[in-house]
Every structure is written in C-alpha cells, then in structure tokens.
2 protein chains.
Amino acid sequence: MTEELTDLLAGSRNLVGRSSTVERVADVLRGHIIDGALAPGARLSEEAIGAALGVSRNTLREAFRLLSHEGLLVHEFNRGVFVAKPTAEDVVDLYRVRRALELSALRGAAEASDEAVALVGASVEMGQRAFDSGDWWGLGTANMRFHQAIAGLAGSPRTDEIVRRLLAELRLVFHVMSAPREFHAPYLEQNKEIHRMLCEGRLDEAADRLGGYLDVAERQLVDAFAELDDPRSQAPA
Amino acid sequence: MTEELTDLLAGSRNLVGRSSTVERVADVLRGHIIDGALAPGARLSEEAIGAALGVSRNTLREAFRLLSHEGLLVHEFNRGVFVAKPTAEDVVDLYRVRRALELSALRGAAEASDEAVALVGASVEMGQRAFDSGDWWGLGTANMRFHQAIAGLAGSPRTDEIVRRLLAELRLVFHVMSAPREFHAPYLEQNKEIHRMLCEGRLDEAADRLGGYLDVAERQLVDAFAELDDPRSQAPA
DNA sequence: CCAATTGGATTGTTCAACAATCCTTCGATC
DNA sequence: GATCGAAGGATTGTTGAACAATCCAATTGG
C-alpha cells in the first residue's frame, strides 16, 4: 500500500508520458536508495547495475546523471557514482532551504487552492493511519507528504520540485536515525494542529509553529549525527 | 600533512581539472543559450550539434540532460531538446521562488560572513561600471550577480545552486525585453540602497525594499509578455 | 478540400571498442 | 621491516556504428 502510494507520488510528477527507459531505471534506483537497500556511501558499478537491470551503460549513465542532480547520487570523475552520504552540515543546509520555502508558502496560503489545502489534510490522515497500524516508516512517508503539501500551497511548480528534491535527500538522512518511531511520532500532533490553523486562516501562527518544529527536528538530527561521530558511543571492537 | 595535500589536490582539481567533456560541452551550450545565440524554442539536433562540437551523440545527450535539469533546455520524448521558452506563468513562478529565497537570506543576513556581504558590494560596483560604459547587457549581468550575492548571504550551498538556476532561466526571459536599458538601469540605484541598508544592519527594511522591487520587476516582465501575445501589437503580415 | 498512407529523418537504446585514469599488488631499495 | 615506486588489472570516459521506435511531412487517393 505504502509503496503503491510512493510510486504514485513519484509518478505523478511527469504525467503519463513515462516511456523512457532512463526514467524507469532512475525510478528503480531512487526507490532502492530511499528505502535503504543501497546504503549511503555505496558505490554503484556501471557494469554490475547495468547487467542487473538489463540496460546498457550509456542509458545507465544518463539515469545516474539524473539522480546526481536530484542529490541522491554524487559523481566523482573517473571514480564512479556513490550514494550520497549527507553530513550534519547538509542537514543544516537542507533545513535552511526548507524553512525559507515552506514558511513562505504557508504565510502566503491565503491564495492557495482548495485542492492544495485538501492535500495537507489528506497527508495528516495518512499519518494517522500509519500511526495506528504501527508503520513507522510509513509515518515518515506521511510526514514527508505533509511537508510537500505545505510547500504545494504556494502553487509553484518550481517550489514543488525543489522541495521534492530536498525531501528525497532528507530520506537519506533519516537512515542515521536508529529510532524512527520516537523521531517521527511526535510530529503527527503538530501536523494536525498546523492543519487546523491553516483551515482557520491563522497563517502566521501556523508558520511560527512550523518554524519552531523545524528547528527542533533539525537539532535532533544534528545531535544524532554528533553521536555517530562521537567515539564514546562506539561499541568496543 | 596528508590532509593539507589532499585538500590542495581536491581544490585544484575542481578548478583546473574540469576535464569532463560533458561539462565542457554543457558550458559552451549554456553560454550560447544565455547570450541568445540559441534562441528560445530552437531545437537542438543531436547530429548537427554533435558534429559542430566534435563530440559523440552519447556525450552530447549527457550534456543535454545536465542543461535540462538546469531549466535551460526542455526535453520532449522522441522529439528532441529545445531551448526553454519561458511563459508569463514561468515568470510569476520564478519570482515567487526568488522572493522566498532572497528575502529569507536577506532577513537572516545578521549571521552572514563578511565575504558574502562584500560580494554584494562588488556586484553593485560592477553594475556602476557597466552603466558608465553603456554596457546594458553587462548591467543585466551585474544585476544577476547582485541577486546571487543576496542569496549567498544565507551561506547555503543549496540556495546558491537553486538561485543560480533560477537566474539562468531568467536570462532567457530577458530576451523578450526589447529595451534592456530601460529595464535594467533603474535597479542600479535600488541595489545601491539595499546594499547600504544591509551594511547598516537594517535588514528588515532592506528586505521590504527588495520585495517591492521584485514585485515591480515581475509586473514589468509580465506586461512585456502580454504585449507579445497581444494581437494588436503584431505587424500585419 | 480532407483523410490515410508512406517514406525519410530524428531520437532512443544497445553494443563493442579503445583511451585514460584509478586502485592494488608486487617488488625494489634503503 | 618499512617506504617508495612501478607494472597490472579493473573501472570509467568517450567514441562510433547499428538498429528499432517514433515523429513529421509529402504524397496519394477519395
């Protein structure tokens, strides 16, 4: 179910004209990267992946280039492509851009379309269902959907694309979180409240709430990274 | 010791070792697109361009993919790549994202580095020189540089890249302006004043000024588009 | 005049090959 | 024994050609 929706999300970007092999390959790889099957830092061999997916090296390289520009892969000349390995600095940067775009969209939501507002509500309900069934990764997905819907209030195709890219990178970051439930669960209530404020037209208030919430999440992630790099937390060999 | 050497190597590689054919091709094409040698809407034949630049179709296609993700080219499946042809809606969208990012960067510029602030000043001086020598296209370039410097106040690599992409698209938009002087010249004074406010720490004031200025520019561009589409302004065949 | 067909041109994708570069291993020298 | 350097293999960078799939325009037929 969740996977179906994820595919729908990714697929809804470009309409139905989805016949390019390159994009299909990129979709498959994106999925594997986002759900962790391809770990951050892993090298993707052209020959191996090409053989596994049954596509030529040239086609694969075009797909690599696509995902590199989405921030999911990094390309090192003459060395190959690697799954992006976000750092604490990347987290700070990602949240900086998110704050600018999401808060701007929320503050200007007076002119948002009804469908855009409805998407926010739908993401909240989706999160509730995931919570009820104990699907913590699905809860994370719903949370992403929530933020994408917030950004969508601006009615701006470019904002939508930028935020989608940022959230995909953020998915990589979440792989360092050892406790997805504790991380994602508290935000469900916040999302509900922000949605309520949005429906009542209390936009500035909603934006302030969202801003504070982003600060907390960023802090939490940065701390998680610090703990990873901190030698005292490493188990003795 | 080792680390120093590694840093040096990495730094010099990015500056000098631009040895990828794909990126060199992309640079050439980007230049021709931005300065108008390749007009918006023009189709880029793989065979023709490949022969002209002396690169293979596969390499060229990778460069196309790069520029497509920068928004300068649009790729239509089974039809080819075309120089992007922005519409009035694109203008509105571009300014929406610019407002969000540039104003956010300016409002948070209290923590900006000295170099970042200096870049703003440098762009203003560059604009003054272009104005004095009657170089209107150079004035436009300086203006772009100014806005990139404003965005750079955030100290965010991702913001920098996004804004660079937006401004490159905007360059295409400017090709519809028949009077570059009248369009660009008035903003020089505004940039000076915003720079002054920035140096004096009057950030919110500067941001308000910039916001209003962006509104005017957007309006001006949209009007120019409306005139283009308006039949009454077209010469009889 | 309009519609269907056909043919040429262009793109999408694959395959094979070679040059350039990197990483590893092996050896040589001190 | 350790450090440095040089072959060796493996991987990427780039090219060229080939074929299938698709689009576009001209031609043909009604």
Side-chain angles (χ1 to χ4, degrees), chain A residues 11 14-30 33 38-39 41-69 72-85, chain B residues 1-30 33 38-39 41-69 72-85:
Chain A
N14 295 353
L15 283 79
V16 196
R18 192 157 223 23
S19 16
S20 159
T21 306
V22 171
E23 299 207 358
R24 248 175 297 129
V25 170
D27 282 346
V28 171
L29 291 178
R30 189 185 296 111
I33 293 168
L38 293 169
R43 194 174 79 86
L44 302 188
S45 155
E46 293 184 355
E47 194 178 14
I49 306 259
L53 296 180
V55 299
S56 79
R57 275 182 62 207
N58 291 352
T59 299
L60 189 61
R61 286 170 62 91
E62 288 195 30
F64 281 172
R65 193 132 337 234
L66 242 159
L67 295 171
S68 296
H69 273 272
L72 292 179
L73 297 179
V74 293
H75 186 145
E76 297 185 20
F77 192 78
N78 266 326
R79 294 206 46 220
V81 297
F82 303 79
V83 179
K85 200 174 182 178
Chain B
M1 207 68 87
T2 305
E3 204 158 335
E4 273 180 345
L5 215 151
T6 307
D7 286 347
L8 212 72
L9 184 66
S12 60
R13 164 184 292 249
N14 276 341
L15 290 180
V16 180
R18 203 70 133 62
S19 46
S20 162
T21 305
V22 172
E23 298 206 358
R24 246 175 301 128
V25 170
D27 283 345
V28 171
L29 291 177
R30 190 184 296 112
I33 294 168
L38 293 169
R43 196 175 76 87
L44 302 187
S45 156
E46 293 184 354
E47 193 178 15
I49 306 259
L53 295 180
V55 298
S56 80
R57 274 183 62 209
N58 288 322
T59 299
L60 189 60
R61 286 170 63 90
E62 288 196 32
F64 281 171
R65 187 104 26 204
L66 243 162
L67 294 171
S68 295
H69 275 274
L72 293 180
L73 298 179
V74 294
H75 186 147
E76 298 185 22
F77 191 78
N78 267 326
R79 295 206 46 220
V81 298
F82 303 80
V83 179
K85 198 174 181 176

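A note on names: the letters A, B, ... follow the listed sequences, proteins ahead of strands, and every chain is numbered from 1. The structure presented is a predicted model; accordingly, all values stated were derived computationally and were not measured.
Rounded to an integer number of Å, the gap from A:Glu76 CD to D:dG13 C1' is 15 Å. Rounded to an integer number of Å, the gap from A:Phe77 CZ to C:dC22 C1' is 12 Å. A straight line from CD of A:Glu62 to C1' of D:dT14 spans 14 Å, rounded to a whole angstrom. Protein atom CG of B:Leu60 is 12 Å distant from nucleotide atom P of D:dT14, rounded to whole Å. Computed from coordinates, the A:Asn58 CG to C:dG12 P distance equals 13 Å when rounded to whole Å. The CG atom of A:Leu53 sits 11 Å away from the P atom of C:dT14 (whole-angstrom rounding). Taking atom CG of B:Asn78 as the reference point, atom P of D:dC23 lies 5 Å away to the nearest angstrom.
Listed nucleotides: C:dC22, C:dT13, D:dT14. Nearest to the side chain of B:Ser20: D:dT14. Here the side chain of B:Arg79 is nearest to one of D:dC24, C:dG12, D:dT14, namely D:dC24. Checking D:dT11, D:dC24, D:dT15 against every side-chain atom of B:Val55, the shortest atom distance belongs to D:dT15. Residue A:His75 has its side chain nearest to D:dG13 when only D:dT15, C:dT11, D:dG13 are considered. Nearest nucleotide to the side chain of A:Arg43, out of D:dT14, D:dT22, D:dT11: D:dT11. In the set D:dT11, C:dT10, D:dG16, the nucleotide with an atom closest to the side chain of A:Glu47 is D:dT11. Comparing D:dG16, D:dT14, C:dG12 by their nearest atom to the side chain of A:Arg61 picks out D:dT14.
Put simply, A:Ser45 has no side-chain N or O that comes within less than 4.0 Å of OP1 or OP2 on D:dT11. At least one side-chain nitrogen or oxygen of A:Thr59 sits closer than 4.0 Å to the OP1 or OP2 atom of C:dT14.
If you check every strand for non-hydrogen atoms under 4.0 Å, B:Leu44 touches sugar and phosphate atoms only. Note on A:Gly54: only backbone sugar-phosphate atoms sit closer than 4.0 angstrom, heavy atoms only; bases stay farther off.
In the interface, the side chain of B:Arg57 is paired with the base of C:dG12 through a donor and an acceptor atom under 3.5 Å apart.
With rounding to the nearest 0.5 angstrom, the OG atom of B:Ser68 is 12.0 Å from the CZ atom of A:Arg65. Distance check: A:Leu60 CG to A:Leu44 CG gives 8.0 Å after rounding to the nearest 0.5 Å. Separating the CG atom in B:Leu38 from the CG atom in B:Leu73 is a distance of 8.5 Å, to the nearest 0.5 Å.
Contact check on A:Arg30 versus A:Asp27 returns a salt bridge, with a Lys/Arg side-chain nitrogen under 4.0 Å from an Asp/Glu carboxylate oxygen.
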Report the C-alpha separation of A:Val83 and A:Leu72 in whole Å, then their side-chain angles, then the decisive distance to 0.1 Å, and conclude whether the side-chain contact (heavy atoms from CB on, under 4.5 Å) test is met.
CA-CA 6 Å; A:Val83 179; A:Leu72 292 179; over 6 Å; no
